[in-house]
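One structure is given below, encoded as structure tokens.
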Amino acid sequence: MAARRLKPGWYVLGGLALVLLLWFGLPPVARELSFFRVRHVEFNGITNLTPARLIPVLHLSDSASLFDPLGGMEKRLKAVPGVLSATVHRRIPGTIRIDIREA
């Protein structure tokens, strides 16, 4: 009797399922790992403002992770007088880079 073989469509479907599992399952797991805790904050583009003024605005807790949502940080930074735009980026393993354009 011949060995049964999977059709190519099943391999594609299995690969897609694996990608979706990693896409949606990995961030919640990685959020709990200490390897991805925020250890550094870099500011680019600031001349008049100081990091000491902007760090409290971020509301970073001691257990903040790179995989936490960044949209709230951008909104809070844009509310600071003198900030025209702010973009927050992640740099693995533990750095948040913030690009700021001042007025």
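Below, all heavy atoms of this structure are taken into account, side chains as well, without hydrogens, waters or symmetry copies.
Side-chain atoms of R90 come within 3.5 Å of backbone N or O of D68 as a donor-acceptor pair. A side-chain donor-acceptor contact under 3.5 Å links R76 to the backbone of L58.
Taking 4.5 Å as the limit, every side-chain heavy atom of L66 sits out of range of all side-chain heavy atoms of R91. Between H89 and D99 the shortest side-chain heavy-atom distance falls below 4.5 Å. Side-chain atoms of V41 and T95, non-hydrogen and from C-beta on, never get closer than 4.5 Å to each other.
A distance of 9.0 Å separates CG in L70 from CD1 in I98, rounded to the nearest 0.5 Å. We find the CG-CZ distance between L33 and F67 to be 8.5 Å, quoted to the nearest 0.5 Å. Within the model, atoms CD1 of I55 and OG1 of T50 stand 9.5 Å from one another, a figure rounded to the nearest 0.5 Å. With rounding to the nearest 0.5 angstrom, the CG atom of L54 is 4.5 Å from the CZ atom of F43. The CD1 atom of I100 lies 9.0 Å from the CG atom of N44; values are rounded to the nearest 0.5 Å.
Contact record, L77 with V88: CD1-CG2, 4.3 Å, taken as the closest heavy-atom pair. Between E74 and T87, the closest heavy-atom pair is OE2-CA, 3.7 Å. Heavy atoms only, all atoms of each residue included: L60 and M73 are closest at CD2-CE, 3.7 Å. Listed here is the closest heavy atom pair of S65 and R37: CB-NH1, 4.0 Å.
For R101, the CZ atom sits in a loose shell: 12 or fewer heavy atoms of surrounding residues, nucleotides or ligands are nearer than 6.0 Å.
Each of L49 and L84 belongs to its own hydrophobic cluster when Ile, Leu, Val, Met, Phe, Trp and Tyr are linked at side-chain heavy-atom distances under 4.5 angstrom. Both I92 and V38 belong to a single network of hydrophobic side chains, linked directly or stepwise wherever heavy atoms of I, L, V, M, F, W or Y lie under 4.5 Å apart. When hydrophobic clusters are built by joining Ile, Leu, Val, Met, Phe, Trp and Tyr residues whose side-chain heavy atoms come closer than 4.5 Å, directly or via intermediates, L18 is not grouped with F24. Placement of V19 and W10 in two distinct hydrophobic clusters is found when ILVMFWY residues are connected by side-chain heavy-atom separations under 4.5 Å, directly or transitively.
For the residue pair E102 and T47, a side-chain donor N or O sits within less than 3.5 Å of a side-chain acceptor on the partner.
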